[in-house]
Amino acid sequence: MEIYLDNSATTKVCPEAVAAAVRAMEQEYGNAASLHRKGFLAEQEILSAKRSIAKAIACQPEELYFTSGATESNNWALIGAAMAHKRRGNRFITTTIEHASVLHTMDYLESQGFEVVRVSPNADGNFDPQMFADAVNDRTILVSCMLVNNETGLRLPVEAIAKAVKRKNSETLMHTDAVQGFLKLPFRVKNTGIDLLSASGHKVYAPKGIGILYRRKGVRILPLLHGGEQQNGERPGTDNVPLIAAFGAAVEAYFPHQRAYLDQYTALCSRLCGRLAEIPGVSIHHDAERMVPYILNISCERLRSEVLMHYLEQAEIYVSSGSACARGEKSHVLRAMGLPDTEIDTALRISFSKDTTPEMVDAFADRLATAFTELEKIGR
Ligand code: PMP
């Protein structure tokens with residue numbers, strides 16, 4: 001039995017998304033910009049996907065733009081805001097635990113002369129909205145704060161941060177990288193003060209290479225790409241109808257069961273925490289109050305993450321030694337959260353999907369327990 005517990009890195013595409021992509025490739029293969037019937041049918045696929053996604057986050061379909069993924073959405077939100085508002089200000093604010101696609105875009109903006117303030121978690125590992133408001137001045141263009149951290153599962157208070165930021169400077173834009181929370185958590189963007197939101201298809205059972213940027217009506221950012229009139233000329237390029245249709249179908253299939261899946265993750269998480277607590281040497285970095293139940297970060301005393309990951313792989317169990325995007329480097333997130341090196345070097349991330357079962361979780365815990373004795377035996 002293959003036990004895939006690395007769903008925060010990516011998910012298996014669901015049958016509904018596969019069917020939609022095939023339909024778009026084999027039947028509705030027209031160019032959505034074409035004025036004939038084939039073009040019209042392709043355009044309908046796009047509108048339908050937009051409606052499905054808009055419903056899931058409570059926004060208007062016209063406020064959504066399709067991108068090549070959240071990396072592009074994050075780049076567009078930040079660089080697009082910088083270019084549109086550089087006369088009004090020069091400051092950007094973010095956290096120290098963002099994904100590389102926000103952190104490195106901020107580094108780029110800094111290299112271009114913008115000022116970047118990076119907010120660290122407090123001693124309890126939390127982000128207090130006031131810390132962001134304190135960093136906002138009258139020259140602050142944008143604040144970017146992720147919804148859920150991809151390594152620890154920490155749920156950040158982005159709604160409260162947006163309110164605190166707007167109270168200090170109503171012109172400051174609020175962006176959230178919602179990749180690890182989108183669809184899995186009930187989240188309504190309406191009336192939150194959030195102006196820009198990024199999400200990605202492949203974390204929610206759609207294929208890789210498709211994402212969205214939500215841009216609240218009236219919010220101004222400049223385009224990164226220049227070309228034709230697709231997506232109002234704001235994100236030109238022939239519309240990727242197969243992936244867009246697949247994204248819409250994946251959301252449509254998941255959304256009605258959002259609550260039930262969340263309950264399922266909660267049950268799986270407490271089962272796994274219970275099993276792991278019985279294994280000497282495992283420390284669980286999880287707090288149900290502050291963290292989502294579908295991402296679990298642990299450390300395994302004296303067993304290096306990579307060694308453990310490959311040991312588990314031999315039993316067809318797939319987990320992550322951190323985030324897939326930060327291969328080999330010491331986790332900046334666990335460091336920012338104040339974990340000692342010994343726990344960072346031995347960290348594992350386990351992440352669930354709608355298809356994860358209690359048996360899979362048990363098999364993982366059993367194998368992990370064996371790792372402590374077997375890997376010790378061969379001297380690692
Ligand atoms: N933000 C976060 C929090 C992520 O986890 C990821 C994916 N690892 C991304 C952004 C980038 O998304 P994409 O793969 O669609 O570019």
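Atoms within a ligand are numbered from 1 in the order they appear, just like the ligands themselves. Because only heavy atoms are used, hydrogens play no part in the values below, and waters and symmetry mates are left out as well, while side chains stay in.
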Novice: Verify whether one side chain among Thr96 and His332 offers a donor that lies under 3.5 Å from an acceptor in the other.
Specialist: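 Result is no, nothing qualifies.
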Novice: Just let me know how Ser101 lines up against ligand 1, side chain, backbone, both or neither, with a heavy-atom cut-off below 4.0 Å.
Specialist: side chain
Novice: Checking contacts here: is it the side chain or the backbone of Lys203 that comes within 4.0 Å of ligand 1, counting heavy atoms only? Could be both or neither.
Specialist: side chain
Novice: Taking Leu213 as the starting point, is it possible to reach Val179 by hopping between hydrophobic residues whose side chains are less than 4.5 Å apart?
Specialist: no
Novice: Considering only heavy atoms, which of Gly201, Gly211, Ser200 lies nearest to atom 15 (O) of ligand 1?
Specialist: Ser200
Novice: Any side-chain donor-acceptor pair under 3.5 Å between Ser73 and Thr67?
Specialist: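 Checked: Ser73/Thr67 side chains pair up, N/O donor to acceptor below 3.5 Å.
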Novice: Counting only heavy atoms, which portion of Thr71 has something under 4.0 Å from ligand 1: side chain, backbone, both, or neither?
Specialist: both
Novice: Examine Val292 and Leu276 and state if one hydrophobic cluster contains both, with Ile, Leu, Val, Met, Phe, Trp and Tyr joined whenever side-chain heavy atoms are less than 4.5 Å apart.
Specialist: yes
Novice: Can you check salt bridge (charged side-chain N to carboxylate O under 4.0 Å, His left out) on Arg215 and Glu234, steps first, answer last?
Specialist: CA-CA 11 Å; Arg215 187 183 63 166; Glu234 309 217 48; 3.0 Å; yes
Novice: Output the list of atoms in ligand 1 that are nearer than 4.0 Å to some heavy atom of Gly69, sorted by atom number.
Specialist: 15 (O)
Novice: Would Glu98 count as a contact of ligand 1 if the rule is a heavy atom under 4.0 Å away?
Specialist: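 It does not; every heavy atom stays at 4.0 Å or beyond.
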Novice: If you measure every N/O of Ser8 against every N/O of ligand 1, is any gap under 3.5 Å?
Specialist: no
Novice: Can you sort out which atoms of ligand 1 are near Asp177, meaning under 4.0 Å from one of its heavy atoms?
Specialist: 1 (N), 2 (C), 3 (C), 10 (C)
Novice: How far apart are the C-alpha atoms of Thr152 and Ile295, what are their side-chain angles, what is the distance that settles it, and do they pass the side-chain contact (heavy atoms from CB on, under 4.5 Å) test?
Specialist: CA-CA 7 Å; Thr152 60; Ile295 299 177; over 6 Å; no
Novice: Once you restrict to heavy atoms under 4.0 Å, what part of Met146 touches ligand 1? Side chain, backbone, both or neither.
Specialist: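 Side chain only; the backbone of Met146 stays clear of ligand 1.
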Novice: Between Ser353 and Lys12, does the side-chain hydrogen bond (donor to acceptor under 3.5 Å, both in side chains) criterion hold? Intermediate values first, please.
Specialist: CA-CA 9 Å; Ser353 81; Lys12 179 177 169 179; over 6 Å; no
Novice: Considering Glu72, His99, Gln180 one by one, which has a heavy atom nearer to atom 6 (C) of ligand 1 than any of the others?
Specialist: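 Looking at heavy atoms only, His99 sits closest to atom 6 (C) of ligand 1.
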Novice: Relative to the heavy atoms of Asn150, which atoms of ligand 1 are at a distance of less than 4.0 Å?
Specialist: 3 (C), 5 (O)
Novice: Side chains of Asn75 and Thr105 only: does a donor on one sit below 3.5 Å from an acceptor on the other?
Specialist: yes
Novice: Where on His202 is there a heavy atom closer than 4.0 Å to ligand 1, on the side chain, on the backbone, on both, or on neither?
Specialist: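 The part of His202 near ligand 1 is the side chain, not the backbone.
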